Amino acid sequence: MKVRSLMVVSAVLFIIAFGLVSCQKKAVIQPDPGQQQQQQKDLTQQKDQEKVTEKQLDGKVDSVNVMDKGAQYAESKESMFSDILFDYDKYDVHEKYKQTLQSVSTWMSKNTAARLSLEGHCDERGTNEYNLALGDRRAKAVKDYLVSLGVASGRIDVISFGEEKPVCREQTEDCWSKNRRAHFTVLVKVGK
Amino acid sequence: MGHGAWRNVVFYAVLVLTFQVLLFTAVEAKVYIDITSPSAKKLPIAIYDLQGAQGKEIADIIRDDLTFTGLFICIDKASYIEPISQKFNQQNWKPLGIEAVVKGTMTAAQGLSVDIAVYDVFEGKEMLSKQYQSSKDLLRQLAHNISNDIYKVFTNQTGMFRTKIAFVAEDDREKGIYVMDWDGQRVRKLGLKGSLVLAPHWSADGTKIVYSSERGRQWGIYLLDFGKMTERRIFASKGTNMAGSFLPTGDAITLSSTKDGTPDIYVLSLKDETMKKLTFTQGIEVSPAVSPDGSQIAFVSDRGGSPQIYMMRADGSDIRRVTFEGSYNTSPAWSPAGDRIVFSCRRGKNQICIVKPDGSALVQLTESGNNEDPSFSPEGRYITFSSDRDGTKGIYIMRANGETQKKVSPPGLRSNAPTWSPN
């Protein structure tokens with residue numbers, strides 16, 4: 001009786017131990033549970049297969065939106081007003097430009113059909129997105145000053161180009177200071 | 001057999017089974033390379049040039065992939081004793097200290113067909129045996145898929161070798177959105193209209209990007225659907241509009257707009273185009289980056305007098321400052337686990353810095369040139385960024401700890417604002 005039961009225990013142990021080995025083997029060979037197909041390989045000689053594909057990114061992108069209708073205003077060839085320059089990382093308008101801005105205001109009151117576009121620019125040292133916001137604040141600061149002088153808010157558009165449209169590309173303080181600017185573009189009505 | 005004896009049998013069986021389960025679990029969890037360990041030893045691996053016409057080309061791609069991870073060291077083939085055609089024998093490799101061996105053959109008839117076998121030298125066993133098939137023009141992608149499988153075998157992690165980087169580049173003074181493989185190969189220009197363009201942001205499923213573009217003196221936000229290959233303007237107003245990241249749900253994006261006067265942060269629903277304003281200051285609020293779980297938004301604000309990284313809940317509440325060191329910290333991006341924020345920090349020039357969301361553990365990762373626009377790879381081990389360190393702005397990649405910085409964009413192509421695809 002005792003011997004028989006010992007034999008049974010040994011048999012169970014043996015079976016379990018054998019199972020252990022095969023389990024261990026499987027686990028080492030297939031650490032990736034996704035490759036279970038491979039387990040059948042020994043039986044069927046079927047190898048795990050993968051078809052390598054790619055979603056095409058090539059080709060032209062179609063623009064769904066129709067662009068806004070052609071501008072009703074054209075940019076005049078040259079700016080008749082000089083740029084307003086700003087300190088590094090700053091967007092407040094210097095006292096020294098108040099006379100320039102007064103003359104812009106006077107010109108606008110005499111040329112009632114004209115509109116102004118104020119472009120805000122930055123030097124290249126900032127990062128793109130922050131520079132775009134900084135350029136916007138610079139142009140907006142100049143616009144606010146002109147509005148305070150009596151120019152109708154609706155006659156002044158503001159756009160920022162950040163560091164995207166520099167007037168010079170040298171890495172010198174002289175060049176950087178020229179790029180930190182609000183630039184006036186007079187828009188002339190050209191009809192529809 | 002008596003009652004007691006049966007009880008013994010059951011007892012032993014349970015004992016052994018328990019032992020087996022424990023052992024099985026331990027074995028299954030065997031990870032050759034623990035990528036979470038900062039000082040993980042590099043795994044010496046032998047990768048044969050595959051037999052067949054373009055076998056060397058494929059093997060070179062796999063070697064480059066695995067080497068860049070910093071987790072493998074590819075042993076030069078000059079030291080291999082075993083001819084490739086001979087059956088794998090661990091005794092040929094043990095004396096060389098090589099721990100893994102990759103063999104394979106390739107044929108190129110209608111398409112490419114590659115058979116790969118990966119062996120564990122210590123165990124003396126085959127760990128991967130797989131056939132890959134593709135059309136002839138997908139050789140690089142096929143090789144990257146093999147790299148992904150090898151990487152998975154040894155790290156139990158998903159590789160990023162099939163991912164892409166979207167970025168902005170300029171040719172003939174015209175900017176556009178480009179996409180390239182993460183390793184800088186297969187650069188493709190998407191046929192968008194020439195204009196000023198800002199950084200693209202991927203949707204979580206990788207099927208779309210949003211970006212800002214200036215067209216007709218107006219900054220609009222555009223959504224490009226890669227499935228349809230169409231571009232659609234989803235927002236525009238007078239002033240400056242800049243796309244931020246998608247929400248993880250994919251049905252809304254963040255953005256910065258001056259539509260109410262000064263740059264503030266909004267969430268724009270892509271379903272009904274409604275907008276919710278999240279910040280209300282007279283200063284600058286830009287570059288919103290939604291955390292991977294969607295609960296937080298990191299952004300840049302000058303409310304404290306200089307541009308710094310701030311954080312708020314996704315509904316705009318609980319605003320707190322993250323960065324205090326330096327006077328110019330911008331362009332935040334999240335790690336995929338949400339445990340780090342990488343950003344551009346000014347240290348004389350602009351550098352890449354990384355910090356925990358609570359503001360602790362600040363580390364500077366770059367040193368030379370101006371380095372901007374960081375973005376994490378989807379598994380969080382790598383960072384792409386732009387740098388002008390060699391004179392021309394280009395796209396670089398590095399490990400998330402700053403190691404192995406290298407330029408991947410083509411020489412001479414002025415490029416910036418890279419973002420790593422999520423898949």
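Quantities reported herein were computed from a predicted structural model and do not represent experimental measurements. Reminder, nothing fancy here: chain letters follow the sequence lines and each chain counts from 1. All heavy atoms count here, side chains included; hydrogens, waters and symmetry mates do not.
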**Q.** Residue B:E372 versus chain A: region with a heavy atom under 4.5 Å
**A.** side chain
Q: Write down the atom of B:F343, the atom of B:T330, and the distance for their closest heavy-atom approach.
A: CB-O, 3.2 Å
Q: Quick one: which of A:V158, A:L132, A:T53 has the most heavy-atom pairs under 4.5 Å with chain B, could you say?
A: A:L132
**Q.** Part of B:S344 lying under 4.5 Å from any heavy atom of chain A
**A.** side chain
Q: Please look at B:A243 and chain A and tell me whether the side chain, the backbone, both or neither of the residue comes under 4.5 angstrom of a heavy atom of that chain.
A: backbone
**Q.** Which atom of A:E163 lies closest to which atom of A:E124, heavy atoms considered
**A.** OE2-O, 3.6 Å
**Q.** Interface moiety of B:T258 toward chain A, non-hydrogen atoms closer than 4.5 Å
**A.** side chain
**Q.** Ring geometry between B:Y211 and B:Y222 (parallel below 30°, tilted from 30 to 60°, perpendicular above 60°)
**A.** parallel
Q | Under 4.5 Å from any heavy atom of chain A - which part of B:N416 | A | side chain
Q | Contact class of B:L142 relative to chain A, heavy atoms under 4.5 angstrom | A | both
Q) Is it the backbone or the side chain of B:Y328 that comes under 4.5 Å from a heavy atom of chain A, or both, or neither? A) side chain
Q: Would you kindly say whether A:E119 and A:S117 are connected by a side-chain donor-acceptor distance under 3.5 Å?
A: no
Q) Using a cut-off of under 4.5 Å for heavy-atom pairs, which of B:S287, B:P307, B:S134 has the most such pairs with chain A? A) B:P307
(Q) Using the rule given for side chain to side chain donor-acceptor pair (under 3.5 Å), can you reason through B:S135 versus B:D137, listing the C-alpha separation, both sets of side-chain angles and the distance that settles it, and then say yes or no? (A) CA-CA 6 Å; B:S135 55; B:D137 57 328; 2.6 Å; yes
Q. Which residue out of B:G261, B:A199, B:G220 racks up the most heavy-atom pairs below 4.5 Å with chain A?
A. B:G261
Q: Grab the two heavy atoms, one from B:S331 and one from B:V300, that are nearest each other, plus how far apart they are.
A: N-CG2, 3.7 Å
Q.
Set out, in order, the CA-CA distance, both residues' side-chain angles and the distance that settles side chain to side chain contact (heavy atoms under 4.5 Å, CB included) for A:L116 and A:V186, then state yes or no.
A. CA-CA 5 Å; A:L116 267 186; A:V186 175; 3.9 Å; yes
**Q.** Salt bridge present between A:D157 and A:R115 (N-O < 4.0 angstrom)
**A.** yes
Q) Top residue by heavy-atom pair count (under 4.5 Å) with chain A, among B:N145, B:V118, B:D115, B:V286? A) B:N145
**Q.** A:R180, A:R181, A:Q171 screened by side-chain hydrogen bond (donor to acceptor under 3.5 Å, both in side chains) with A:D123, the one that passes
**A.** A:R180
**Q.** Toward chain A, the part of B:T158 with a non-hydrogen atom under 4.5 Å
**A.** neither
Q: Examine whether an atom of A:K51 lies under 4.5 Å from a heavy atom of chain B, and if so say whether it belongs to the side chain, the backbone or both; otherwise answer neither.
A: both
Q. Quick one: of B:L224, B:V114, B:L112, B:D225, who has the most non-hydrogen atom pairs under 4.5 Å with chain A?
A. B:L224
Q.
For chain A, which candidate among B:N370, B:D302, B:D373 shows the most heavy-atom pairs at distances under 4.5 Å?
A. B:D302
Q. Could B:R162 and A:E50 be called an ion pair, given the rule that one side-chain N must be under 4.0 Å from one carboxylate O?
A. no
